[in-house]
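Every heavy atom of this structure was used, including side-chain atoms; hydrogens, water molecules and symmetry mates were not.
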Amino acid sequence: MYNFRKIEEKWQNYWKEHETFKAEDDFSKKKFYGLVEFPYPSGSGMHVGHIKAYSGLEVIARKRRMEGYNVLFPIGFDAFGLPTENYAIKTNIHPRIVTDNNIKNFTNQLKRVGFSFDYERVIDTTDENYYKWTQWIFLKLFEHGLAFRDKTLVNYCPSCKVVLSNEDSQGGKCDICHSDVIQKEKDVWYLRITEYAEKLLEGLKDVDYLPKIKLQQENWIGKSTGAFVNFEIEGINDKLKIYTTRPDTLFGVTFMVIAPEHPLIDKNKDIIENMDEIYKYREVASKKTEFERIELVKDKTGVLIKGIKAINPVNGKSVPIYTSDYVMMGYGTGAIMAVPAHDGRDYDFAKKFNIDIIPVIKNPSDDTLPYVGDGVMINSDFLDGINNKKDAIKKMIEFLKEKGIGEAATQYKMKDWAFNRQRYWGEPIPIVHCKHCGNVAVPYEELPLKLPKIDNFAPGTDGESPLAKIDSFVNCKCPKCGRDAKRETDTMPQWAGSSWYYLRYIDPHNDKELASMDKLKYWLPVDWYNGGMEHVTRHVIYSRFWHHFLYDIGVVPTKEPYSKRTAQGLILGPDGDKMSKSKGNVVDPNEVVDVYGADVLRTYVLFMGDYALDCPWNDNAIKGVSRFLDKVYNLKDKLNDKEGYTKELEVIINKTIKKVSEDYESMKYNTGISELMKLVNSYMDINSITKDDYMILIKLLHPVAPHITEELNEILGNTKLVENSSWPKYDDSKVVDDVIVIAVQVNGKVRDTIKVRTDENKEVVENEAMSANNVKKHLEGKEIVKVIVVPNKIVNIVVK
RNA sequence: GCCUGAGUGGCGGAAUAGGUAGACGCACAGGACUUAAAAUCCUGCGAGAUUCAACCCUCGUGUCGGUUCAAGUCCGACCUUAGGCACCA
């Protein structure tokens with residue numbers, strides 16, 4: 001085995017000394033900005049999953065350097081967050097110290113693997129020079145009315161007196177003390193991301209994201225089109241506004257449903273006859289946890305509101321109004337028109353409460369209801385006989401508009417972004433609450449608003465942040481009127497720092513602005529962003545939102561932050577399960593580097609399977625990769641420049657360059673590496689190889705296994721790094737063999753193979769095929785119906 | 001329930017403008033080298049039938065149908081599995 005320890009240490013030191021991977025702000029050069037998701041520096045150190053995630057773009061970054069690009073390939077740390085805070089609570093060690101140690105540990109590990117990051121540009125979201133600008137962006141959002149305070153219901157544990165996330169309160173029980181979680185009303189900060197829903201959706205058209213990534217974002221944004229329709233309330237001067245995506249089915253409305261919290265109820269509590277019953281229902285519904293709501297999907301509950309009725313504006317029919325928790329206040333108008341014949345949920349409800357069901361679209365196959373498909377309108381007056389989707393929707397919307405009872409409308413599922421946590425280890429929200437002036441922004445020149453040093457990180461009582469206990473932090477003067485005021489004590493969520501970090505890499509030490517426009521203009525957009533599928537909705541959408549906003553206020557020069565986004569698959573444990581400490585199937589990258597070296601680890605994580613798919617770790621398979629690199633190294637003993645190579649080898653080499661180049665670009669690293677293995681096998685089969693041929697292998701392998709290739713390059717007497725050399729080119733005329741083997745089928749079954757010249761004319765090929773030994777046998781006594789010759793591919797003889 | 005992927009040897013996985021299924025690697029078996037082992041090198045390796053042996057033959061890419069000279073690949077219906085969304089009107 002080659003001495004990887006010595007070689008890898010040597011080259012890592014060399015790269016560090018010579019700043020080999022430093023990105024230059026030289027605007028005359030063509031640039032490539034490759035981005036990987038920066039890690040959360042957890043106490044348990046790096047995971048092999050990190051190695052896989054970074055190795056993908058590492059290959060591209062190194063290839064780009066060889067192609068002459070000025071490459072920015074940065075790394076940093078997303079270091080605010082709960083695990084560190086919880087660890088601090090347990091051990092009473094300050095999160096700052098914990099974070100610094102973890103970052104040190106991560107950095108050492110990253111360097112041991114030899115990633116070509118520019119360590120001059122490392123950022124840490126918990127650094128006050130960084131979060132100063134996170135706070136700055138928040139203030140800009142606040143200034144533009146996109147950050148606001150509103151009441152919401154949060155999961156609250158009355159025993160621990162803390163606000164819990166959904167994850168920490170599963171099944172309605174507090175994760176820590178197992179008592180019942182209640183829903184508590186609280187004032188929280190929101191970012192108005194819904195304002196950008198359309199722009200975020202629209203922007204997807206201009207970027208190159210994997211189709212499944214675009215789809216997930218589209219679903220997350222959840223645009224739907226339909227109409228608002230106003231229903232009169234019988235006898236009183238009031239209206240019920242509903243949202244529907246199916247205005248075509250208006251004639252099929254047999255009842256209305258409103259959310260339990262709908263204001264119509266309280267507004268009319270004097271005429272409603274069964275308020276007691278409704279109050280009771282409302283209370284039960286509000287206590288239902290998320291979990292129960294999902295479980296009880298099929299069992300519809302609700303209460304008929306007695307005393308008020310709605311009038312269907314298209315036919316004047318009087319219909320009952322129910323309240324049910326299957327309609328939610330947070331979407332549309334919190335009220336729906338129910339068409340049980342053509343909606344599954346309305347149908348279930350109607351069956352349970354014995355309500356009329358009137359079909360308005362003919363089910364083309366049978367009369368089964370509910371029928372949610374398209375078809376011809378029936379029982380619908382002026383819509384009868386036309387197709388619902390093609391014509392009825394349009395016609396109905398025109399009708400609604402003309403009569404002034406409704407209009408076309410668009411809705412989004414996406415909700416505003418709840419932007420605060422009651423925790424210590426996060427960016428302080430730079431707002432002061434003043435009795436006289438309300439919520440007042442901390443002046444820009446006072447940023448960063450530093451996180452005060454405290455000793456007790458446990459959450460405050462009554463669901464408050466630990467910061468609420470620090471009087472010297474809380475008590476302050478109102479920046480506007482100068483009177484006594486109190487600071488906001490909540491901190492920002494972990495998503496904040498990661499929403500703009502790619503901008504800071506571009507100009508990490510700037511203390512005047514978050515990044516200079518000149519540099520942003522040169523480096524943006526990120527050319528290629530790779531990361532996990534789990535961040536495709538939240539993180540990527542949040543950062544796109546911030547970027548769009550920053551574009552609108554003239555801080556960044558592009559609309560979209562990332563022009564391309566890909567995602568890698570997980571590395572599963574050797575048992576095929578997701579790696580987790582509790583299962584004991586976690587592979588430590590350090591141990592692999594100790595035994596096999598960094599180059600083997602890097603090569604293996606890329607070779608183990610399709611980069612985009614999940615794949616189990618296999619302790620044995622890594623040996624094959626180790627053998628491969630040994631062979632590459634040992635080939636140096638076969639060097640002999642005198643001997644010229646054969647035509648056959650020339651084709652193999654050209655084909656390899658082509659295939660490897662293409663495979664790297666499409667992240668098919670596994671087949672790219674297998675191609676290199678084949679090339680090595682070809683080299684092994686001959687007596688000696690030339691330096692030129694060896695260099696091709698070294699260069700193609702370099703992005704994957706850079707230490708061994710730099711070493712071999714030096715052994716070959718080159719003074720220029722492989723990293724600074726050029727990517728091999730192939731000759732298009734030399735990627736095809738002169739003679740190829742093609743299969744001959746009889747009735748679709750392969751019976752023999754023949755050797756023919758490439759692009760040989762059809763007649764010759766046909767004759768060859770007919771006279772192949774085993775083919776003749778199958779043709780005996782049969783009548784030839786047809787002969788199909790596909791050039792350079794196959795011959796198929798059809799017989800009877 | 002809806003939306004996405006994925007189902008191919010003992011294992012990880014190759015091969016899709018339809019054209020020799022199983023590249024490459026692992027594991028395994030036999031051989032060479034060695035006092036021996038490790039390492040390395042060579043050979044074999046989907047299943048079955050047949051044969052002294054080879055050729056040859058049959059079957060085979062989750063299931064069932066279909067289109068085609070030809071289907072892992074296209075179409076229809078389903079099954080399993082992973083992930084995402086979830087009473088979104």
Side-chain angles (χ1 to χ4, degrees), chain A residues 1 210-213 215-216 218-220 222-224 226 242-246 249 257 259 290 293-294 296-301 324-328 330-339 342-346 348-349 411-415 533-534 536-537 569-570 572 574 576 578 604 607-610 612-628 630-631 634 668 670-681 684 741-754 773-774 777-778 785-799:
Chain A
M1 201 190 262
L210 291 180
K212 63 173 174 180
I213 295 177
L215 207 69
Q216 267 200 29
E218 279 163 13
N219 289 342
W220 179 269
K223 182 178 182 171
S224 80
I242 62 98
Y243 173 71
T244 179
T245 55
R246 297 294 303 274
T249 61
V257 187
E290 199 82 0
R293 284 178 83 114
I294 293 162
L296 298 174
V297 161
K298 285 199 178 94
D299 190 22
K300 295 274 180 296
T301 60
S324 169
D325 60 3
Y326 87 84
V327 173
M328 291 158 302
Y331 184 79
T333 62
I336 62 159
M337 60 177 220
V339 186
H342 305 292
D343 180 281
R345 294 150 305 173
D346 296 350
D348 292 343
F349 195 88
Q411 293 288 301
Y412 302 90
K413 283 184 202 171
M414 188 166 67
K415 294 191 173 70
M533 266 319 277
E534 70 272 25
V536 152
T537 43
L570 298 173
L572 305 172
K578 220 173 186 169
Y604 175 62
F607 178 67
M608 64 195 299
D610 187 327
L613 300 179
D614 296 352
C615 180
W617 183 271
N618 184 325
D619 281 317
N620 270 323
I622 197 166
K623 287 183 198 158
V625 171
S626 180
R627 276 178 209 151
F628 163 61
D630 278 336
K631 286 184 198 171
N634 292 334
K668 298 282 180 198
N670 55 338
T671 49
I673 292 166
S674 96
E675 217 55 34
L676 292 174
M677 288 173 169
K678 281 193 232 174
L679 184 64
V680 168
N681 290 343
M684 300 277 286
V741 177
I742 66 169
V744 183
Q745 301 181 328
V746 178
N747 281 349
K749 282 189 179 149
V750 177
R751 295 304 181 186
D752 214 335
T753 56
I754 53 171
N773 272 336
N774 200 44
K777 222 157 64 184
H778 283 89
V785 181
K786 199 163 141 191
V787 179
I788 294 143
V789 180
V790 183
N792 303 329
K793 285 252 168 88
I794 205 161
V795 178
N796 190 10
I797 303 164
V798 186
V799 296

- Note on the structure: Out of B:rG84, B:rC85, B:rG13, minimum distance to the side chain of A:Cys615 belongs to B:rG13
- Message: Pick the closest RNA chain B nucleotide for A:Val790 and for A:Asn670 by heavy atoms, then say which residue is nearer the 5' end.
- Response: A:Asn670
- Re B:rC55: Watson-Crick or G-U wobble partner, both distances kept under 3.5 Å, found to be none
- Query: Which base sits across from B:rA49 as a Watson-Crick or G-U pair, both distances under 3.5 Å?
  - Reply: none
- Query: Partner of B:rG83 by Watson-Crick or G-U wobble geometry, both contacts under 3.5 Å, or none?
  - Reply: B:rC3
- Query: So what does A:Ile788 hit on the nucleic acid, given a heavy-atom distance under 4.0 Å: a base, only sugar-phosphate, or nothing?
  - Reply: base
- Message: Please check this pair: side chain of A:Asn219 against backbone of A:Gly222, looking for a donor-acceptor N/O pair closer than 3.5 Å.
- Response: no
- Message: Output the rounded distance in Å from CH2 (A:Trp617) to C1' (B:rG13).
- Response: 16 Å
- Task: Whole angstrom is fine here: how far is it from NZ in A:Lys786 over to P in B:rU68?
- Result: 10 Å
- Side-chain heavy atoms of A:Trp220 within contact of A:Lys413, under 4.5 Å: no
- Query: Does A:Lys578 reach the side chain of A:Leu570, with side-chain heavy atoms less than 4.5 Å apart?
  - Reply: yes
- Message: Without decimals, in angstroms, what is the distance between A:Ile213 CD1 and B:rG5 P?
- Response: 13 Å
- If pairing requires Watson-Crick or G-U wobble contacts with both distances under 3.5 Å, which nucleotide is the partner of B:rU40? B:rA32
- Query: Is there side-chain contact between A:Val787 and A:Val795, with at least one heavy-atom pair below 4.5 Å?
  - Reply: yes
- Between B:rC59 and A:Lys749, is there an OP1 or OP2 to side-chain N/O distance shorter than 4.0 Å? yes
- Item | Gap in Å between the two C1' atoms, one belonging to B:rA15 and one to B:rU61, rounded | 11 Å
- Would one find a side-chain N or O of A:Asn219 under 4.0 angstrom from OP1 or OP2 of B:rA86? no
- Scan side-chain atoms only and decide if A:Asn620 and A:Lys623 contain a donor-acceptor pair under the 3.5 Å cut-off. yes
- Message: Regarding A:Lys668, tell me which of base, sugar-phosphate or nothing describes its non-hydrogen contacts under 4.0 Å with the strands shown.
- Response: nothing
- Message: Between B:rU8 and B:rG62, how many Å separate the two P atoms, rounded to a whole number?
- Response: 6 Å
- Query: What is the base-pairing partner of B:rU8, counting Watson-Crick and G-U wobble geometry with both distances under 3.5 Å?
  - Reply: none
- Message: Whole angstroms only, please: what is the CE-C1' distance between A:Met533 and B:rC85?
- Response: 12 Å
- Checking all strands, does A:Val741 fall into the base, sugar-phosphate, or nothing category for heavy-atom contacts under 4.0 angstrom? base
- Query: Does A:Asp614 use its side chain to pair, donor to acceptor, with the backbone of A:Gly569 at less than 3.5 Å?
  - Reply: no
- Message: Using a heavy-atom cut-off of 4.0 Å across all strands, would you classify A:Asp346 as base, sugar-phosphate, or nothing?
- Response: nothing
- Message: A side-chain contact here means heavy atoms from C-beta on lying under 4.5 Å apart; do A:Val257 and A:Met337 qualify?
- Response: no
- Compare the minimum distances between each of B:rA6, B:rG19, B:rC24 and the side chain of A:Leu613, then state the nucleotide with the smallest one. B:rA6
- Return the value, rounded to whole Å, for the distance between atom CE of A:Met414 and atom C1' of B:rG84. 17 Å
- Answer yes or no: does a side-chain N or O of A:Arg751 lie under 4.0 Å from OP1 or OP2 of B:rC57? yes
- Any side-chain N or O of A:His778 under 4.0 Å from OP1/OP2 of B:rC57? yes
- Starting from P on B:rG19, measure out to NZ on A:Lys793 and report it in whole angstrom. 7 Å
- Task: Determine the Euclidean distance between corresponding C1' atoms of B:rG13 and B:rA21; express it in Å to zero decimal places.
- Result: 13 Å
- Item | Partner nucleotide, any strand, of B:rU63 [Watson-Crick/G-U, under 3.5 Å] | B:rA77
- Task: Report yes if at least one side-chain N or O of A:Asn618 is closer than 4.0 Å to OP1 or OP2 of B:rG25; otherwise report no.
- Result: no
- Task: Counting heavy atoms from C-beta on, name the nucleotide in B:rA21, B:rA89, B:rG12 closest to the side chain of A:Phe607.
- Result: B:rG12
- Query: What's the closest nucleotide to the A:Gln745 side chain, out of B:rC87, B:rG19, B:rG12?
  - Reply: B:rG19
- Give a yes/no on whether any side-chain N or O of A:Tyr243 is located under 4.0 angstrom from OP1 or OP2 of B:rA89. no
- Where the side chain of A:Thr245 is defined as all heavy atoms beyond and including C-beta, which of B:rA89, B:rG84, B:rC69 is the nearest nucleotide? B:rA89
- Task: Please report the shortest heavy-atom distance between A:Cys615 and A:Met608, naming the atom on each side.
- Result: SG-O, 3.4 Å
- Query: Taking the same atom, C1', in B:rA86 and in B:rC2, what whole-Å distance lies between them?
  - Reply: 8 Å
- Taking only the side-chain heavy atoms of A:Asp614 (C-beta and beyond), determine which of B:rG19, B:rA82, B:rU4 contains the nearest atom. B:rA82
- Message: Could you check whether the side chain of A:Asn796 and the base of B:rC69 have a donor-acceptor pair of N or O atoms closer than 3.5 Å, going by distance alone?
- Response: yes
- Taking B:rA89, B:rC24, B:rG13 as options, the one with an atom nearest any side-chain atom of A:Pro616 is B:rG13
- P-based separation of B:rC79 from B:rC24 [nearest Å]: 38 Å
- Query: Between B:rA27 and A:Arg627, is there an OP1 or OP2 to side-chain N/O distance shorter than 4.0 Å?
  - Reply: yes
- For B:rG7, decide between syn and anti, treating a glycosidic angle within 90° of 0 as syn. anti
- Task: Check every atom of B:rG13, B:rC56, B:rC87 against the side chain of A:Tyr326 and return the nucleotide holding the closest atom.
- Result: B:rC87
- If we take the P atom in both B:rA23 and B:rA37, what is their distance in whole Å? 30 Å
- Of all the choices, B:rU20, B:rC87, B:rU4, which nucleotide is nearest to the side chain of A:Ala743 once you look at every atom? B:rU20
- Message: Tell me whether the side-chain N or O atoms of A:Lys413 pair up with the base of B:rC85 as donor and acceptor below 3.5 Å, since no angle test is needed here.
- Response: no
- Interatomic distance where NZ belongs to A:Lys578 and C1' belongs to B:rG83 [whole Å]: 8 Å
- Task: Tell me what A:Thr244 touches on the nucleic acid: a base, only sugar-phosphate, or nothing, going by heavy atoms under 4.0 Å.
- Result: sugar-phosphate
- What integer number of Å spans the C1' atoms of B:rC78 and B:rA70? 26 Å
- Message: Which is more 5' along RNA chain B, the nucleotide nearest A:Glu675 or the one nearest A:Thr671? Just name the residue.
- Response: A:Thr671
- Message: Just to be sure I understand the rule, does A:Asp630 reach a base, reach only the sugar-phosphate, or reach nothing, if contact means heavy atoms closer than 4.0 Å?
- Response: nothing
- Task: Would you please classify the geometry between the A:Phe349 ring and the A:Tyr326 ring as parallel, tilted or perpendicular, with 30° and 60° separating the classes?
- Result: tilted
- Item | A:Asp343 side chain vs A:Val339 backbone, donor-acceptor pair below 3.5 Å | no
- Could you state the atom-to-atom distance from NZ of A:Lys212 to P of B:rG83 in whole Å? 13 Å
- Message: Between B:rA6 and B:rA29, how far apart are the two P atoms, rounded to whole Å?
- Response: 36 Å
- Task: Under a 3.5 Å limit for both distances, which nucleotide forms a Watson-Crick or G-U wobble pair with B:rA14, could you say?
- Result: none
- Item | Nucleotide forming a Watson-Crick or wobble pair with B:rA27, both distances under 3.5 Å | none
